[in-house]
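Remarks on the structure that follows.
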There are 4 protein chains.
Amino acid sequence: MPKNVETTVKDEKLIKQRRAELIKAAVKLFTEKGFHRTTTREIAREAGFSIGTLYEYIRTKEDVLYLVCDDIYNKVSDRLRATIALKGDGVECLKAAVAGCVKVMDDMQDEVLVMYQEAKSLSKESLPYVLNKELEMVKLLEDVLDHCIRLGALHLTEKEKEFYAHHILVLCQMWAFRRWSLAKTFTVHEYTAYLIDAILYGISVRKAPSIDQKS
Amino acid sequence: MPKNVETTVKDEKLIKQRRAELIKAAVKLFTEKGFHRTTTREIAREAGFSIGTLYEYIRTKEDVLYLVCDDIYNKVSDRLRATIALKGDGVECLKAAVAGCVKVMDDMQDEVLVMYQEAKSLSKESLPYVLNKELEMVKLLEDVLDHCIRLGALHLTEKEKEFYAHHILVLCQMWAFRRWSLAKTFTVHEYTAYLIDAILYGISVRKAPSIDQKS
Amino acid sequence: MPKNVETTVKDEKLIKQRRAELIKAAVKLFTEKGFHRTTTREIAREAGFSIGTLYEYIRTKEDVLYLVCDDIYNKVSDRLRATIALKGDGVECLKAAVAGCVKVMDDMQDEVLVMYQEAKSLSKESLPYVLNKELEMVKLLEDVLDHCIRLGALHLTEKEKEFYAHHILVLCQMWAFRRWSLAKTFTVHEYTAYLIDAILYGISVRKAPSIDQKS
Amino acid sequence: MPKNVETTVKDEKLIKQRRAELIKAAVKLFTEKGFHRTTTREIAREAGFSIGTLYEYIRTKEDVLYLVCDDIYNKVSDRLRATIALKGDGVECLKAAVAGCVKVMDDMQDEVLVMYQEAKSLSKESLPYVLNKELEMVKLLEDVLDHCIRLGALHLTEKEKEFYAHHILVLCQMWAFRRWSLAKTFTVHEYTAYLIDAILYGISVRKAPSIDQKS
DNA sequence: CATGAATGAGGCTTCATTCAT
DNA sequence: TATGAATGAAGCCTCATTCAT
């Protein structure tokens, strides 16, 4: 399923190493100027090898984008999986997940932005693979919700579960996308606290005990 | 503040008309292939005039992007303003706003996507202007919240208000950004209903009366 | 049938003129260094316009080769048609045709060499069209033979006619291909005289009346 | 006279063996895609060794072409020499030579085509050597003609002899060059028969006894 | 005002050749 | 000797922009 970017080089270990260098360079440049404004030469130079060498490890410029997106998704997913960890009783588990997810978005802001802004430039063949990765992340949050449901802490239908998985993921990503504005008012921790509250109890519950909730 | 895209042509009426044609053509093409993959020639052809004429109404390709983003922001803002309208008592007003906002995102999905995906290609000079437009939209939602607060339907601090304005806007945009996945499970109306619930009451309140909320 | 090389330019007259310039430049360069060793930039410079302009009149480097081959074939065919003219009684007509054909090969040696040496670099799509042109030239010679046959000067079966048409054409081309060697010993006129004799009467008839011819 | 292609390797036997492999691979590839479209890497891979090893046995890509042309010329010459063999009385000897020559062209069509189409890509230094090989082949046919002359079967001046040697060689090559068209109508044997007739007696003698031949 | 031919900088990619292992 | 990773010059082509008509 994962597209296999062809190489001229055979040494697997070398491929891994060079690719890591290449991806690091590309992420840096894409962050600064975007995929289209970055030239292959710049990527090669930043990665520390010649243009010829770059093309020993990829076949097209688009391959670089694919490798970058693939790598970031994997890293984000891995970190998410590690942070979420289904620990804590009841709703605590969800809170931890949200906090972890925001932290990942905070730590990897540059990468996350690159991924979401440039993935659209992938070819028709690669795009589905990447979109699927996005759904895998949604799935991770569904697992958290499932856990809470099994603990009896939440009561959700299947549809609600899907809805909330997207909902929570988007709200966490929001920190990455809107930090330029939000960071003027909130620290990550404040943001996280507000977000947990908003997700769990909604806006109306803010100190309004007498209001007729969802009558 | 709004950058003035220079023209060779003087006739104001003509400028308006040609720009409208130009923007329409550009939005169509940007939707299909993105800003960078679209050539100025294509824009001219799609708009129905020659490349020479195109350059009578803009100075650089980036001007087209600026005009497009500006135009879409204005349209989205206008529609939002019209839909929101601060009508309804108490929390109804907020519900109407959310519903209206989602509808706008649904109606203008293509435009919204173009705007958010390509705005990053604007120059350092134009970007702030566009980001500011984004904040104006946030402000619109803050106004709604203010209204609810004044009606006594909500109780929010200034910070909470800012947070929720972003929060709500992002969740509405989510429909535009994730329709490729969400639409498999939800209709716009379902999505809207779930969203209103989620915003107002959060996830934990879903039929779980006995749970000790935020003790 | 003739492939239509696409242009960006619309003015038909201009296309004709520029193409003529382009072809002239290309023939000169291809003659000197061959198709593969000639760069598009060199063609543009030699033709007197910029690389950008060159690409307004063609889409690929191969288009240049196609235009060149097409043009040369047309010129050679036209000259052949003009020279042959089915004039003269009996076998005189054939002699005139051979003489004319050799003259064409002599006058257009460079072009003929380019055409036969580079045509193989045409794409699978264009090649058949060019090969067909070759067959048209064979056809011209078949017409001459037909004429002689109708005059009663020659007696050939259909197969013989086809054979001799190729046979004569190849022998005329021989002057173009082997002038580097033949010209050391023969002038064109000598060559023509020898060739006519060889074609008409063969080698054995050279002053050998007593030999038992093909008994 | 024969250019000495330099090697890093000393072992003569190894050189011979590797070169044979290399030439075989190159002929195959040149036949398929021509010299310029074939890469050195492809040659190495097809020959069964690495690019590094290839360059132990040649110094430039052009060396490969030189080796190929040289090898083919030698093989063709050898086969020609073997087939011709100056056997047969009188004109039979010539007939046998023509038949043999056509057979060689038929058997080695691919090689012959490669040789004549790519030799022009040789450098100014190598070209004369290869052209000289061509003249050696002409010489072989001159020898045949000489033999016939000595037998009294033909009467030719020196100039006529040179002319006919080229003439016959070209007509035999014609089978290789035009088989794409001729083979639709003729088998090799038919072609050979027609050709022998044409060379010996010319076109006019075809059943036209009363015509005043070159009076 | 409108047109579209002309321009050329610059991007992506290939590939012959080298050289350290 | 054999290998194959590294190199970078050089090729093809695109496209934003200009300007004469």
Atom pair distance, as rounded to whole Å: [atom1] in [X] and [atom2] in [N]:
X	N	atom1	atom2	value
A/E56	E/dT18	CD	C1'	13 Å
D/Y55	E/dA20	OH	P	18 Å
D/Y57	F/dT1	OH	P	7 Å
A/F49	F/dT7	CZ	P	9 Å
C/D63	F/dC13	CG	P	9 Å
B/I51	E/dT3	CD1	C1'	11 Å
A/R45	E/dG10	CZ	P	13 Å
D/I58	E/dT17	CD1	P	7 Å

State whether [X] and [Y] are salt-bridged, where the test is any N-O pair (Lys NZ or Arg NE/NH1/NH2 against Asp/Glu carboxylate O) under 4.0 Å.
X	Y	value
B/E111	B/K75	no
D/E42	D/R45	no
B/E12	B/R19	no
A/K24	A/E21	no

Any residue in residues 32-41 of chain D with a heavy atom nearer than 4.0 angstrom to DNA chain E? Just list them by number, or reply none.
D/T38, D/T39, D/T40, D/R41
Indicate whether the side chain of C/Y129 and that of C/D70 have a donor and an acceptor atom separated by less than 3.5 Å.
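Indeed, the side chains of C/Y129 and C/D70 share at least one donor-acceptor pair under 3.5 Å.
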Is D/R18 near enough to F/dA2 that one of its side-chain N or O atoms lies under 4.0 angstrom from OP1 or OP2?
yes
Ignoring backbone atoms, establish whether D/R59 has a side-chain N or O less than 4.0 Å from OP1 or OP2 of E/dA16.
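No, outside the criterion.
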Over all strands shown, is B/T8 touching base, sugar-phosphate only, or nothing at heavy-atom distances under 4.0 angstrom?
nothing
F/dA6 pairs with which nucleotide, Watson-Crick or G-U wobble, both distances below 3.5 Å?
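Across all strands, the one nucleotide that pairs with F/dA6 is E/dT17.
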Return the pairing partner of F/dC13 with a 3.5 Å limit on both distances, Watson-Crick or G-U wobble; otherwise return none.
E/dG10
Tell me, please, which residues at least two apart from C/Y116 pass ring pair (Phe, Tyr, Trp, His ring centres under 6.0 Å).
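Checked C/Y116 against ring pair (Phe, Tyr, Trp, His ring centres under 6.0 Å); matches are C/F177.
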So, is the end of the C/K120 side chain (NZ or CZ) under 6.0 Å from the ring centre of C/F35 and within 45° of the ring's axis?
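No; the conditions do not both hold, so C/K120 does not lie above the ring face of C/F35.
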